[in-house]
Amino acid sequence: DAGVTQSPTHLIKTRGQHVTLRCSPISGHKSVSWYQQVLGQGPQFIFQYYEKEERGRGNFPDRFSARQFPNYSSELNVNALLLGDSALYLCASSLPSDTQYFGPGTRLTVL
Amino acid sequence: AQRVTQPEKLLSVFKGAPVELKCNYSYSGSPELFWYVQYSRQRLQLLLRHISRESIKGFTADLNKGETSFHLKKPFAQEEDSAMYYCALSGLYEDSNYQLIWGAGTKLIIKP
């Protein structure tokens, strides 16, 4: 198993655009969580999905949305991008209430 | 408010010296605490969690509820310990869901 995979690796967008980030969990993991990590800070929780349902939401605006597909992969969508959305976006998968395994992240730059 | 504080952004020690990475938390219930590590050019990975009480790569961490701390310790640092270390807390957020709340991280540099 390749572990958690994320695509793309890097992304450059301009303000006002929309972005979709993708995550494939470890085989057998049904829970996926998304985090935003701004340079110099720890990760900030955005969403958690389990069995295709949202199980948790962090303190992020409605411009951020996500979904989980029947194969447990997940997408994070961000609308109306702001400069402050520039960050590393991390995806983690896990078994229920168990250790989270992280992907390599997607580096988003908003110009 | 739930919070994790890692007071040191950078910690530099010589090889063979003891290491202590500090972590303090604020949480009203019974938290679950973790240490994650990120080596250069690698992804975040779990180092240890307080409920397992394991020693991983020579590191230990004890949950001190009185001092609300979960400091990470190693008696003799090795050069391969150089990495970014994050303390995290799993707790109930707004009474609705559990989240991992993270500290800002401490960069550990082991000098030869």
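Here is how names work: the chains are called A, B, and so on, in the same order as the sequence lines, proteins then strands, and each is numbered from 1. Computed from heavy atoms alone, side chains included, the values below leave out hydrogens, waters and symmetry copies. Quick caveat, the model's predicted, so the values are computed rather than measured.
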Checklist outcome for this item: Okay, F34(B) and chain A: the region with an atom under 4.5 Å from a heavy atom over there is neither

Next on the checklist: If hydrophobic clusters are built from ILVMFWY residues whose side chains come within less than 4.5 Å, do L76(A) and Y50(A) share one?
Outcome noted: no

Checklist entry - Do the side chains of L90(A) and L108(A) join up, straight or via other hydrophobic residues, at under 4.5 Å, putting them in one cluster? => result no

Next on the checklist: Looking at every heavy atom in both W102(B) and P43(A), which two are closest together, and how far apart are they?
Outcome noted: CD1-O, 3.2 Å

Checklist entry - Do you reckon F60(A) sits in the same ILVMFWY cluster as L88(A), going by side-chain contacts under 4.5 Å, direct or chained? => result no

Checklist entry - Just wondering, are more than 12 heavy atoms of other shown residues or ligands nearer than 6.0 Å to CZ in R63(A)? => result yes

Item to check | I46(A) reachable from Y72(A) in the ILVMFWY side-chain graph, under 4.5 Å edges | outcome: no

Checklist entry - Do any of residues 38-45 of chain B have a heavy atom less than 4.5 Å from a heavy atom of chain A, and if so, which, in residue order? => result R43(B), L44(B)

Checklist entry - Is chain A contacted by the side chain of K107(B), its backbone, both, or neither, given a heavy-atom distance below 4.5 Å? => result neither

Next on the checklist: Would you say CD of E67(B) has more than 12 non-hydrogen atoms from neighbouring residues, nucleotides or ligands within 6.0 angstrom?
Outcome noted: no

Checklist entry - Is chain B contacted by the side chain of Q100(A), its backbone, both, or neither, given a heavy-atom distance below 4.5 Å? => result both

Next on the checklist: Contact between L100(B) and Y35(A) at the side-chain level, heavy atoms closer than 4.5 Å - yes or no?
Outcome noted: yes

Checklist outcome for this item: Taken to the nearest 0.5 Å, the spacing of Q37(A) CD from Y86(B) OH works out to 4.0 Å

Checklist entry - Same cluster or not: are L48(B) and L11(B) linked, directly or through other Ile, Leu, Val, Met, Phe, Trp or Tyr residues, by side-chain heavy atoms under 4.5 angstrom apart? => result yes

Checklist entry - Would one find more than 12 heavy atoms of other residues, nucleotides or ligands at under 6.0 Å from atom CG of D62(A)? => result no

Checklist entry - So with a 6.0 Å cut-off around NZ of K111(B), is the heavy-atom count from everything else above 12? => result yes

